[in-house]
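In what follows, chains carry the letters A, B, and so on, assigned in the order in which the sequence lines appear, proteins first and then strands, with residues in each chain numbered from 1. Hydrogens, waters and symmetry mates play no part in the numbers below; they use all other heavy atoms, side chains included.
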Amino acid sequence: MKIGYPCVNEAMDCSAANTFRLASYSDERLVAAVAANLACLRRLLEWNVAQGLLFFRMGSGIVPFGSHPVNTFPWQTRFGSEFRALGQYIKAHGLRVSFHPDQFVVLNSPDAHIVRRSVEELVYQGSMLDLMELDGTAKLQIHVGGLYGDRELALSRFAAVYATLPAAVRARVVVENDDRLFSLRDCLALHQQTGVPILFDNFHHECLNHGEPMADALRLAAATWHPTADGVPMMDYSSQAPAERKGKHTVSLAEELFRGFLAELHGLDFDLMLEIKDKEASALRALAILRETGLAGPAPTGPVPPLALPPAPGAPPKGKRQKNSHAA
DNA sequence: ATAAGTCAAGCCGGG
DNA sequence: CCCGGCTTGACTTAT
């Protein structure tokens, strides 16, 4: 079981989400942003390895406008060696990575243009994993999409588009149950039709279900993953923020709920993505709990770097990204 | 230097 | 009928 957190490390003094406005697009800005994002991603992964956090969701914006027609720059070749080196690091340290393409990716839209753009976005994100030379266990996590007033039709449109995806993309796509439209039951039906693995979100399931107990839901979702082609089932873990709107993620890990959740696993293996506001801080607490209960390997033995790594040698020339700097 | 407004993209449901 | 929410805030311009 690996523990991860999404996209952002709040203790890190760099961002892997450097971008710019479409209106100010230029190849120069693109190259600068990608270079900065890949360098930061490398440091972020190193920090994760040192802490024993072996699962990570990368942000979708590593290559700004990565699937937009404005971006005709051959970033795949320009940054090929950087992607490959990242992939080698990931494989060498047993890391698991994924992407979660955003809400604009809607494979079951009745609008062919939206579907085409969605596929292009999946191709972009999947190609980053390909450039890293990662196998099919590195996933692209999406939702079913819209309801459009007809659940069955919406599901069958997803299935039809899924069948036409480029093989390299289809090997990576997994579908997550959501909290309002498509429940675990809907997703399992979709799995029956298509074979797509279902990424279980426990909190969404709490918001939208058909009475399946958590332990059953976990087993059903896990069974949709092929042990070798897809790897250990991934899932998103969160819990309700107390005294907040229903469906809002908690700000930090609720440890007793988390312990209760682990008990529901009954030995099932998952890689857990903690969708919790305070990111790596809660991921570290979850990892500590896992180690107590013997569900995760021991803490790394090597020297553990400080929370904020020192800047790389010869580093940030322009005072960008200096979160707490008073230098002026 | 800091704050406000805006940013490529879709969809649903609450107010 | 507009706006917040969604896996994640960052860029740009005004003050």
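Residue Ser118(A) places no side-chain N or O under 4.0 Å from the OP1 or OP2 atom of dA9(B). For the OP1/OP2 pair of dT12(C) and a distance below 4.0 Å, the side-chain nitrogens and oxygens of Arg29(A) include at least one atom meeting the criterion. Within the structure, every side-chain polar atom (N or O) of His100(A) is placed at least 4.0 Å from both OP1 and OP2 of dC6(C).
Taking the C1' atoms as reference points, dT8(C) lies 23 Å from dG13(B), given to the whole Å. A distance of about 23 Å separates the P atoms of dC1(C) and dC7(B), rounded to the whole Å. dT7(C) sits 22 Å from dC3(C) when the P atoms are compared, rounded to a whole Å. With P as the reference atom, dG10(B) and dA10(C) are 23 Å apart, rounded to whole Å. Annotation: dG4(C) and dA4(B) have their P atoms spaced 16 Å apart (nearest Å).
Distance CD (Glu275(A)) to P (dG5(C)): 16 Å, rounded to an integer number of Å. The CG-C1' distance, from Asn9(A) to dG9(C), rounds to 15 Å in whole Å. Computed from coordinates, the Asp102(A) CG to dG5(C) C1' distance equals 13 Å when rounded to whole Å. At whole-Å resolution of the value, CE in Met58(A) and P in dT7(C) are 18 Å apart. Spacing between atom CE of Met234(A) and atom C1' of dT7(C) amounts to 13 Å, rounded to whole angstrom units. Protein atom NE2 of His249(A) is 9 Å distant from nucleotide atom C1' of dC6(C), rounded to whole Å. For the pair Asp236(A) CG and dT8(C) C1', the interatomic distance rounds to 13 Å; values are reported in whole Å.
Note on His204(A): only backbone sugar-phosphate atoms sit closer than 4.0 angstrom, heavy atoms only; bases stay farther off. Looking at heavy-atom distances under 4.0 Å, Ser67(A) makes contact with a base. No engagement by Arg116(A) is indicated, since no non-hydrogen atom pair under 4.0 Å with the nucleic acid exists. In this structure, Glu176(A) reaches neither bases nor backbone, as no heavy-atom distance under 4.0 Å exists between it and the strands shown.
Picking from dT7(C), dC11(C), dA8(B) the nucleotide with the shortest atom distance to the side chain of Phe65(A) gives dA8(B). In the set dT7(C), dA8(B), dC11(C), dA8(B) carries the atom at the smallest distance from any side-chain atom of Glu121(A). Of the candidate nucleotides dC11(C), dA8(B), dA9(B), dC11(C) has the atom lying nearest to any side-chain atom of Arg21(A).
No hydrogens or angles considered: a donor-acceptor pair under 3.5 Å links the side chains of Asp135(A) and Thr137(A). When only modelled atom types and interatomic distance are considered, Asn37(A) and Asn18(A) share a side-chain donor-acceptor pair under 3.5 Å. Side-chain atoms of Glu275(A) and Ser238(A) form no donor-acceptor pair, as typed in the model, at a separation below 3.5 Å. There is a side-chain donor-acceptor pair under 3.5 Å between Glu176(A) and His100(A).
Between Tyr25(A) and Phe65(A), the two ring planes are perpendicular [angle over 60°; tilted spans 30° to 60°]. Note on ring orientation: taking the six-membered ring where Trp is involved, the planes of His143(A) and His204(A) are tilted (angle from 30° to 60°).
Under the 3.5 Å distance criterion, the side-chain polar atoms of Asp271(A) are matched with a main-chain donor or acceptor of Lys2(A). At least one donor-acceptor pair closer than 3.5 Å links the side chain of His93(A) to the backbone N or O of Tyr89(A). Side chain of Asp150(A) to main chain of Leu153(A): a donor-acceptor pair is present (N/O by atom type, distance under 3.5 Å, no hydrogens or angles).
Remark: the Arg57(A) side chain and the dT8(C) base include no donor-acceptor N/O pair separated by less than 3.5 Å.
No aromatic stack links Phe104(A) and the base of dG10(B), using centre distance under 5.5 Å and interplanar angle under 30°.
For Phe56(A) and Tyr5(A), the ring centers sit closer than 6.0 Å to each other. For an aromatic pair to be called close, the ring centres must be under 6.0 Å apart, and Phe200(A) with Trp225(A) fails this.
Stretches of at least 3 consecutive Watson-Crick or G-U wobble pairs, with each checked distance under 3.5 Å, appear in DNA chain C as B:1-7 with C:9-15, B:10-15 with C:1-6.
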N/O to N/O distances under 3.5 Å, protein versus nucleotides 11-15 of chain B:
residue: dC11(B); atom: OP1; partner: Ser109(A); partner atom: OG; Å: 3.1
residue: dC11(B); atom: OP1; partner: Tyr148(A); partner atom: OH; Å: 2.5
residue: dC12(B); atom: OP1; partner: Leu147(A); partner atom: N; Å: 3.0
residue: dC12(B); atom: OP1; partner: Tyr148(A); partner atom: N; Å: 2.8
residue: dC12(B); atom: O4'; partner: Arg180(A); partner atom: NH2; Å: 3.1

